[in-house]
Amino acid sequence: MKVGILGATGAVGQKFIRLLQGHPWFEIEALGASERSAGKKYKEAANWIEDVVLPESIKETIVKNCDPDEFSDVDFVFSGLDSSVAGEIEKAFASAGIPVISNAKNYRQDPTVPLLIPEINPDHTELIKKQTFTKDGSGWIVTNPNCVAVPLAISLKPLYDAFGIEALILTTMQAVSGAGYPGVASLDILGNVVPFISGEEPKVGPETRKILSTLEGTTLAKPHFPVQATATRVPTINGHMISVTAKLEDPPANVEELKAAYTNWKNPIADLDLPFSPNQLYKLHEEEQYPQPRLHADAENGMQLHLGRLRKAEVFDISFVAMAHNTIRGAAGGAILNAELLVKKGFLK
Ligand SMILES: NC(=O)C1=CN([C@@H]2O[C@H](COP(=O)(O)OP(=O)(O)OC[C@H]3O[C@@H](n4cnc5c(N)ncnc54)[C@H](OP(=O)(O)O)[C@@H]3O)[C@@H](O)[C@H]2O)C=CC1
Ligand SMILES: N[C@@H](CC(=O)OP(=O)(O)O)C(=O)O
């Protein structure tokens, strides 16, 4: 399939370009960014920050405006657009009959838009049928969650299924790549921790509850557990880590039972052979000093969810640490896996 990338010059856009090299199903056809970049060769418009050489085929590609008329040759687009413009531009593409697989936050809470993690809520794709961007249903939007909500929801799903969740308290340790480029000033973050990320905490609870919702007919029934989140920025490059303490409805008797919830959990897309699906979704680290972002964020091409420190808690019931690559599992890689699922389900054809 021929794909376009909106926001192709940004940090997430660059990750899309890198990850799509050699993809067995998807080929990059068009790149879009702002008026500042449009009309330029990609190598002149973008400040390439990936640690691989900029692909030859991309270097000379002329960046387009994010105008659907300039993307008539693509089957669908990935969006890594800045959220200040993603709302209008993504709507224009969907209304022109071009499906949008987005990273931006703008449509995440729309009741007709799936907030999709293929292993966790693949059935939520049914919501697409309620969208009205086009009369014939050819244009629609699917979003992937915030890069904290992704590892949080994946880490919670087996616990939610086995024990139920009553309440969560969590603290994030978010890598600097989450702030895009140039992102956080070096003098703010080097040798330091910043205990606030603007706009982050209010997204964590609502997104996690939407992801863990049950599809009843064509409507989502959401769980109600409260989430107390503290979002901090730490001087790591990739990999968002979360320290979670959970109160459960029916807590496990011991840590072995807690671990068994993960090992017994059945991945609903395991048999689909999606190229970006990790072989092993959950890596349960037994060593007390693991997981660590620098050592583990890249495992399974950045698509694995790392868990460690699983233990009974003195406050609430259990505690653990979760970690995943924020710009791969939490952004571009997650969006590519979403597109693969949407191919298998016949929404992309
Ligand atoms: N970084 C991360 O870990 C994650 C990011 N996201 C989301 O993905 C999106 C992109 O993030 P990130 O790559 O970090 O951001 P960047 O700031 O690095 O990139 C933003 C992109 O949007 C383009 N853009 C800006 N203004 C316009 C405009 N008026 N018209 C068209 N294009 C425009 C930029 O083009 P130009 O270069 O021409 O200015 C650039 O390509 C955001 O919505 C972000 O919230 C989601 C999950 C994780
Ligand atoms: N705010 C996240 C990255 C991000 O862009 O999130 P969102 O997609 O929800 O806007 C971070 O700083 O790490």
Side-chain angles (χ1 to χ4, degrees), residues 4-18 31-50 62-68 70-71 77-90 92-93 100-109 115 117 143-152 172-184 189 194 196-208 210-211 229 231-234 236-242 293 297 302 324-335 338:
I5 301 173
L6 308 179
T9 51
V12 172
Q14 295 188 22
K15 192 64 86 180
F16 274 123
I17 291 172
R18 176 177 180 173
L31 304 172
S34 76
E35 281 178 356
R36 296 179 289 278
S37 306
K40 294 182 184 163
K41 291 179 177 175
Y42 187 84
K43 68 179 182 189
E44 286 151 10
N47 175 29
W48 185 251
I49 56 171
E50 287 292 319
I62 303 295
V63 178
K64 298 173 188 277
N65 280 302
C66 292
D67 175 347
E70 297 192 31
F71 283 73
V77 291
F78 289 111
S79 168
L81 284 168
D82 191 272
S83 58
S84 62
V85 295
E88 284 304 311
I89 294 174
E90 292 177 359
F93 274 75
V100 179
I101 316 277
S102 177
N103 273 283
K105 65 182 176 188
N106 306 61
Y107 290 95
R108 287 183 190 149
Q109 290 301 339
L115 188 53
I117 302 178
T143 55
N144 59 346
N146 166 272
C147 43
V148 166
V150 170
L152 181 63
T172 72
M173 288 150 267
Q174 299 182 224
V176 292
S177 59
Y181 184 86
V184 192
I189 198 65
V194 181
F196 177 69
I197 299 175
S198 181
E200 197 74 350
E201 290 162 7
K203 284 182 276 193
V204 178
E207 290 196 17
T208 305
K210 182 172 177 184
I211 298 160
T232 82
R233 185 77 67 198
V234 299
T236 52
I237 296 175
N238 292 312
H240 284 0
M241 186 133 92
I242 320 169
H325 197 301
N326 53 304
T327 61
I328 302 182
R329 180 83 237 194
N338 284 349

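As the structure lists them, so they are numbered: ligands from 1, and atoms in each ligand from 1.
Each of the atoms 34 (C), 35 (O), 36 (P), 37 (O), 38 (O), 40 (C), 41 (O) of ligand 1 lies under 4.0 Å from some heavy atom of Thr9. Distances below 4.0 Å separate heavy atoms of Ala33 from the following atoms of ligand 1: 31 (C), 32 (N), 35 (O), 38 (O). Applying the 4.0 Å criterion to heavy atoms of Cys147 picks out, from ligand 2, the atoms 2 (C), 3 (C), 13 (O). Using a 4.0 Å cut-off to heavy atoms of Ser83, the atoms of ligand 1 that qualify are 43 (O).
Remark: minimum distance from atom 3 (C) of ligand 2 to any protein heavy atom is reached at Gly178 O, 3.1 Å. Nearest protein neighbour of atom 15 (O) of ligand 1, counting heavy atoms only, is Ala11 N, 4.5 Å. Protein heavy atom in closest approach to atom 8 (O) of ligand 2: Arg108 NH2, 2.7 Å. Counting only heavy atoms of the protein, atom 47 (C) of ligand 1 lies nearest to Gly330 O, 3.6 Å. Closest protein heavy atom to atom 7 (P) of ligand 2: Lys203 NZ, 3.3 Å. Annotation: atom 7 (C) of ligand 1 to nearest protein heavy atom, Asn103 O, 3.7 Å. Looking from atom 43 (O) of ligand 1 to the surrounding protein, the closest heavy atom is Leu81 O, 2.7 Å. Ranking the protein heavy atoms by distance from atom 4 (C) of ligand 1 puts Val12 CG2, 3.8 Å first. Atom 6 (O) of ligand 2 has as its closest protein heavy atom Asn146 ND2, 3.3 Å. From the protein, the heavy atom lying nearest to atom 24 (N) of ligand 1 is Ser34 CB, 4.1 Å. Annotation: atom 21 (C) of ligand 1 to nearest protein heavy atom, Gly80 O, 3.7 Å. The protein heavy-atom contact nearest to atom 17 (O) of ligand 1 is Asp82 OD2, 4.3 Å.
Backbone and side-chain nitrogen or oxygen atoms of Glu35 are examined, and none is located within less than 3.5 angstrom of a nitrogen or oxygen of ligand 1. Some N or O of Arg36 is nearer than 3.5 Å to an N or O of ligand 1, by distance alone. Looking at Ala104 next to ligand 1, no N or O pair under 3.5 Å apart turns up. Taking any N or O of Cys147, backbone or side chain, none lies under 3.5 Å from an N or O belonging to ligand 1.
When non-hydrogen atoms are compared, ligand 1 lies under 4.0 Å from neither the backbone nor the side chain of Ala46. The part of Ile89 lying near ligand 1 is the side chain, judged by heavy-atom distances below 4.0 Å.
For the pair Ser83 and ligand 2, no heavy-atom separation below 4.0 Å is found. Under the 4.0 angstrom criterion for non-hydrogen atoms, Asn326 is not in contact with ligand 2. In this structure, Glu207 has no heavy atom closer than 4.0 Å to ligand 2.
Relative to atom 12 (O) of ligand 2, the option among Gln174, Glu200, Arg233, His240 with the closest non-hydrogen atom is Arg233.
In summary, the side chains of Asn326 and Gln174 do not present any donor paired with an acceptor at a separation below 3.5 Å, with no hydrogens or angles considered.
Not a single protein heavy atom sits closer than 4.0 Å to atom 45 (O) of ligand 1.
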